[in-house]
Structure formats: structure tokens, C-alpha cells
2 protein chains.
Amino acid sequence: MVTKLTEDERRAALAALPLWTHEPGRDAITRKLKFRDFQTAFGFMARIALAAEKADHHPEWSNVYNRVEILLTTHDANGLSKRDVALAEIVDQAAAEAGAQ
Amino acid sequence: MVTKLTEDERRAALAALPLWTHEPGRDAITRKLKFRDFQTAFGFMARIALAAEKADHHPEWSNVYNRVEILLTTHDANGLSKRDVALAEIVDQAAAEAGAQ
């Protein structure tokens, strides 16, 4: 069973993920990304989909042409868990490599 | 330049797409899909992404695990065009083949 982050863990995690916004209502983190074009945006999504499936932890996300919005939270933990932090780090790396703004 | 459907064309198109809901405000059509699991949902999205890129006409869509919501409209036409009807038909075929509800 995955457990929710403690207050201290959440503070440290958010400090280490400056590109993400915390939504206290759902205890989720969100990031908005802009890519060069649709191909680049969907290529990024495919990479994240593979990582998410491997980790059995999936994002809530939307896409409009070159824009992608991602929300991470852990339903089983009713809030942020280490799984979200791990997936956010993968998102940040893939986004940087894809030249996202 | 892509033109908006006429009233008659819109009526005929909506009648031929019974699984879609018309949103008059944006003159868009939407469909909510549920798949077996994330792999199947994202496999469907990959197929639609390729078709969309080929047609240079892209959906607005979101995904949460095995669920996908799609909105189609043509920004250049400020409403529904033949491009949306064509993409909706591709969505319906791919969704049926992927066993979507």
C-alpha cells in the first residue's frame, strides 16, 4: 500500500519540483508544458505513457496541439505519494529533453 | 481554407455520428470513451495521434487511466468542419476495434 507523504516529505518534494504547482484541494501537483508542435508533444506523451505503465502509476493529462497539462496524485493514498514525485522527475527530464517550455 | 459546416451539413453530420454530443457554445463535438485499461486507452490515442498528424487536424483530449475524452472542432473555421467529421469517423472505428465502451 502506498502512503501519503507526510507534511515534511511534501514540503521537501515540492521544493525539489519548482516547475510544479501544488493543488491543496486534491493534494495533487500540476505542470503545464508547451512543445514545438504536436509531434513533439505526443512523442513526449508516449514516453511518459511507457514510464507510467512500467511503474503502474498513471497521470491525469490533457493535450491540445502542442500543449500538455499533467496532474499527478495517488488515488490509493488520497493524495501525493512517492510515486508522484518519481513520475514528476521523469516528466521533468523528458520535457527538458524534448525542449518544452 | 476550411469552412464551417452549413446548418444542413451539421444536421446530417450529427445524425451520422450518434455517439457524439454537440456542444453548441463552441460548435464542437465530444465523445467520452472507456477502455479495458491504460495500455488499450493509450494505444487508441497513439493511433488517433498518427491519423491526426497525417490530416494536420488535431483533437483536444484528456486521459485518466482507461478513460479518454475527445473534443473536435476546427479553430480556423470557428466551428465544425468536414475535418471534424472525418476525424470523428476515424475515432469511432478505432474505438470499436479497441473494444471501447
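FYI, side chains are in, hydrogens and waters are out, and symmetry mates aren't considered; it's all heavy atoms of this structure. Predicted model, so just to flag it, every value in this text is computed and none were measured. Naming convention: chains lettered A, B, ... in sequence-line order (proteins, then strands); numbering from 1 in each chain.
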_Lys4(A) vs Glu9(A), test: side-chain contact (heavy atoms from CB on, under 4.5 Å). Steps then yes/no._
CA-CA 9 Å; Lys4(A) 201 167 167 169; Glu9(A) 287 170 341; over 6 Å; no
_If you define the side chain from C-beta out and look only at heavy atoms, does anything of His75(B) sit under 4.5 Å from Arg26(B)?_
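His75(B) vs Arg26(B): side chains touch.
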*Keeping the roles fixed (side chain from Asn66(A), backbone from Lys34(A)), state whether a donor-acceptor pair exists under 3.5 Å.*
no
*Using modelled atom types only, decide if a donor and an acceptor are shared between the side chain of Asn63(A) and the backbone of Tyr65(A) within a distance under 3.5 Å.*
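Yes, the answer is positive, given that a donor and an acceptor are paired below the 3.5 Å cut-off.
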*For Arg67(B), all residues meeting side chain to side chain donor-acceptor pair (under 3.5 Å), sequence neighbours excluded*: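 So Arg67(B) forms no side chain to side chain donor-acceptor pair (under 3.5 Å) with any residue.
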*Could you name the residues of residues 80-101 of chain A that have a heavy atom within less than 4.5 Å of a heavy atom in chain B?*
none
*CG of Asp37(A): more than 12 outside heavy atoms within 6.0 angstrom?*
yes
